[in-house]
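What follows is a single structure, written as structure tokens, with notes after it.
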Amino acid sequence: MSAIMMAKEFWLNSQFSIARFYGGIHINGTRYIIMGSEQDLVDDGFAKYYNKLGREKFIQILEQNNRTSHVAVMQAMEDALNALKTLKRARKKQDDQHQTQLEL
């Protein structure tokens with residue numbers, strides 16, 4: 001199996017439903033864990049991206065890269081994470097400049 005994420009509606013009605021008792025499952029050497037309020041089953045190697053990017057962005061990246069390798073998907077997620085960090089830094093810098101102006 002090479003899935004990166006399974007929605008609860010899928011895995012709960014399949015042989016993977018045993019994951020609900022243990023918080024996750026091992027399939028062919030890959031650990032999948034239940035994540036988020038939606039209780040998606042996510043490949044443990046991609047869990048940090050799910051947490052940091054959020055479910056919607058995570059799914060968007062998966063859909064955009066659905067015919068590529070896991071390495072390519074991981075690189076796309078890393079790129080999105082870096083873009084998010086850059087945006088946060090820019091916002092913080094802008095907020096700091098605004099605060100400095102208020103203090104003057």
Side-chain angles (χ1 to χ4, degrees):
M1 184 166 134
S2 64
I4 294 173
M5 184 192 104
M6 291 178 263
K8 181 180 179 182
E9 299 81 37
F10 173 79
W11 67 261
L12 196 56
N13 295 312
S14 71
Q15 67 270 29
F16 307 119
S17 64
I18 194 166
R20 69 180 171 209
F21 298 112
Y22 302 103
I25 191 169
H26 279 89
I27 303 169
N28 295 333
T30 303
R31 171 111 175 109
Y32 291 86
I33 54 176
I34 298 173
M35 300 195 65
S37 60
E38 298 291 328
Q39 296 184 330
D40 297 314
L41 203 56
V42 179
D43 181 330
D44 191 37
F46 290 86
K48 76 175 187 177
Y49 301 112
Y50 187 94
N51 280 332
K52 292 181 180 182
L53 294 172
R55 183 178 195 263
E56 297 305 318
K57 185 69 174 174
F58 187 84
I59 291 173
Q60 180 185 9
I61 294 169
L62 287 177
E63 288 173 347
Q64 291 170 350
N65 297 279
N66 70 347
R67 299 281 183 211
T68 59
S69 69
H70 278 50
V71 174
V73 173
M74 194 169 282
Q75 184 60 53
M77 290 192 181
E78 194 65 43
D79 293 344
L81 193 56
N82 288 335
L84 185 63
K85 287 177 184 177
T86 301
L87 182 62
K88 284 183 180 180
R89 274 189 241 118
R91 284 184 187 158
K92 179 161 177 26
K93 184 177 179 180
Q94 186 178 23
D95 288 347
D96 290 346
Q97 288 174 347
H98 187 259
Q99 183 64 31
T100 301
Q101 290 174 354
L102 290 175
E103 289 174 356
L104 295 176

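Numbers here simply count residues along the sequence, with the first being 1. Since we're looking at a predicted model, the values are computed, not measured.
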Exercise for the section: Return yes if some donor-acceptor pair links the side-chain N/O of Tyr50 with the main-chain N/O of Asp40 below 3.5 Å, else return no. Expected result: no
Problem - Atom of Ile33, atom of Ala47 and distance for their closest heavy-atom approach - result: CD1-CB, 3.9 Å
Practice task
May I ask you to check whether over 12 heavy atoms, not counting those of Ile18, lie within 6.0 Å of atom CD1?
Solution key: no
Handout entry: Same cluster (ILVMFWY, side-chain, under 4.5 Å), Met35 and Tyr22
Key = no
Exercise for the section: Identify the heavy atoms of Ala19 and Ile34 that sit nearest to each other, and give their distance. Expected result: O-CD1, 3.5 Å
Problem - hydrophobic_cluster_shared for Ile27 and Ile4, side chain cutoff 4.5 Å - result: no
Exercise for the section: For Val42 and Tyr49, run side chain to side chain contact (heavy atoms under 4.5 Å, CB included): C-alpha distance rounded to whole Å, both residues' side-chain angles, the deciding distance at 0.1 Å, then the answer. Expected result: CA-CA 10 Å; Val42 179; Tyr49 301 112; over 6 Å; no
Fill in the blank from the handout: With sequence neighbours left out, the residues meeting side-chain hydrogen bond (donor to acceptor under 3.5 Å, both in side chains) with Gln64 are none
Exercise for the section: Measure across Lys52 and Leu84 and return the closest heavy-atom pair with its distance rounded to 0.1 Å. Expected result: O-CD2, 3.7 Å
Practice task
Could you tell me the separation between the CZ atom of Arg91 and the CD atom of Gln94, rounded to the nearest 0.5 Å?
Solution key: 9.0 Å
Problem - Closest heavy-atom pair and its distance - Ala7, Arg55 - result: CB-NH2, 4.4 Å
Handout entry: Donor-acceptor under 3.5 Å (Ser17 side chain, Asn13 main chain)
Key = no
Handout entry: Short side-chain donor-acceptor distance under 3.5 Å, Asp79 and Gln75
Key = yes
Completion exercise
Of Glu9, Lys8, Arg20, the one forming a side-chain hydrogen bond (donor to acceptor under 3.5 Å, both in side chains) with Gln39 is Lys8
Completion exercise
Looking only at heavy atoms, the pair that brings Val73 and Asn65 closest together is CG2-O, 3.6 Å
Problem - Whether Phe10 and Phe16 hold their rings parallel, tilted or perpendicular, with breakpoints at 30° and 60° - result: tilted
Practice task
State, yes or no, whether a side-chain contact exists between Met5 and Tyr32 at a heavy-atom distance under 4.5 Å.
Solution key: no
Handout entry: Shortest non-hydrogen separation from Met6 to Trp11 and the atoms involved
Key = O-CD1, 3.4 Å
Practice task
Indicate, with yes or no, if Leu41 and Leu62 share a hydrophobic cluster defined by side-chain heavy-atom contacts under 4.5 Å among Ile, Leu, Val, Met, Phe, Trp and Tyr.
Solution key: no
